[in-house]
Amino acid sequence: MNIYKLFLFSVNISLIFCSELIQECEILNSYKIRNKFSLETFLNQFPRLEKLDISGNNLKGNLIIPNNTTLVELDASENYFKGKFVIPDNSEIGLFFSNGESKLEILNISNNELTGDLIIPKNSTLVKLDARNNHFNGKLNIEEQTKLEELNISDNRLNGKLIIPPNSNLKTLKISNNLLHGNLDLSECSKLEELIANNNIFDGELNIQENQHLEILHAINNGLRGDIKIPKNSNLKEIYLRNNNLNYSCDIDIKNDFPGCNDQLRTFLFIVIPLVVLIIICFVVVMVKKIGNGNENK
């Protein structure tokens, strides 16, 4: 039987696999996960596997993803994988050494102990990568001609400058709680819709002038400086940039946290409205007195 989807629920127990095409589930008694888990050895036993979930199994060792597999989706989150991590490379050189092309599109390696650089190689087939809450302590390198649309690398120790190649396919980028510095330049990220970059050490300028698709921008607790320039025909819906050194204007119709930009609303609520109420009360009192005086004269 060909297995297309396999879920490994816990360590050292019988496994349950489901064949998506025929919607049947069976118990697999002949294989047990061990702490020293080899993904390549495992996949050799399931050559047609497209989706694999090994999350939450306390697995240890290195996480090595072979190129020449049929895997499209892999969830290896919430384990204890350590060491450097390499994303399958579909470049000509990578294919020469691997004897196969990676088809991996969705990868979750969050909540492990992976270290080193995080490199998204040229011609990568990855569309979504979740690598948050690891120990990555090197550089983030996103090469050209990748299909990557969603990237979450929050809660690591990545350092250096954030460089996104021109014409990148990235739509969602979450990089909070790292050590990234320099400019936050999104001018060539024409497809980016959401950026969450809180709690880094960006100390340069913020450039979003050429980005008309950006809807959400959070870069709280950095050292950004210069002017905030909102592009014409911007799709921005919220922009949170407090605790930076930026110059801003309150004349924007965007949800924001700029100091003083919401003072007008507070003034209206706490001063104008009570004043109006007081005027109404005084008017009523005057009218009551007039009516009372009129009755006495009669």
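In what follows, every heavy atom counts, from backbone to side chain, and hydrogens, waters and symmetry copies are set aside.
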Could you go through the side-chain contact (heavy atoms from CB on, under 4.5 Å) check for N141 and D117 one step at a time?
CA-CA 8 Å; N141 187 354; D117 297 332; over 6 Å; no

Tell me, please, which residues at least two apart from [X] pass side chain to side chain donor-acceptor pair (under 3.5 Å).
| X | answer |
| --- | --- |
| N235 | none |
| K84 | none |
| T172 | none |
| S176 | none |

Partner set under salt bridge (Lys or Arg N to Asp or Glu O under 4.0 Å) for R157, not counting sequence neighbours
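By the salt bridge (Lys or Arg N to Asp or Glu O under 4.0 Å) rule, R157 matches no residue at all.
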
Could you work out, with salt bridge (Lys or Arg N to Asp or Glu O under 4.0 Å) as the rule, every residue matching K147, not counting sequence neighbours?
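By the salt bridge (Lys or Arg N to Asp or Glu O under 4.0 Å) rule, K147 matches no residue at all.
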
Which ILVMFWY residues are connected to I119, directly or by a chain of links, through side-chain heavy atoms under 4.5 Å apart?
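Its cluster partners, ordered by chain and number, are none at all.
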
With sequence neighbours excluded, residues passing side chain to side chain contact (heavy atoms under 4.5 Å, CB included) with [X]:
| X | result |
| --- | --- |
| E113 | Y80, K82, H135 |
| N62 | I64 |
| N247 | D227 |
| P66 | L39, E40, L43, N68, T69 |

Show the numbers, then the answer: is there a side-chain contact (heavy atoms from CB on, under 4.5 Å) between I175 and L195?
CA-CA 8 Å; I175 55 176; L195 173 65; 4.2 Å; yes

Do any N or O atoms from the side chain of N67 and from the backbone of D89 form a donor-acceptor pair under 3.5 angstrom?
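Indeed, once roles are kept as given, a pair shorter than 3.5 Å links the two residues.
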
According to ring pair (Phe, Tyr, Trp, His ring centres under 6.0 Å), does anything in residues 211-234 pair up with another residue at least two apart or in another chain? List the pairs.
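Output for this query lists H218-Y240.
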
Using side chain to side chain donor-acceptor pair (under 3.5 Å), reason through N221 and N199 one step at a time and then give a plain yes or no.
CA-CA 5 Å; N221 296 329; N199 301 310; 2.9 Å; yes

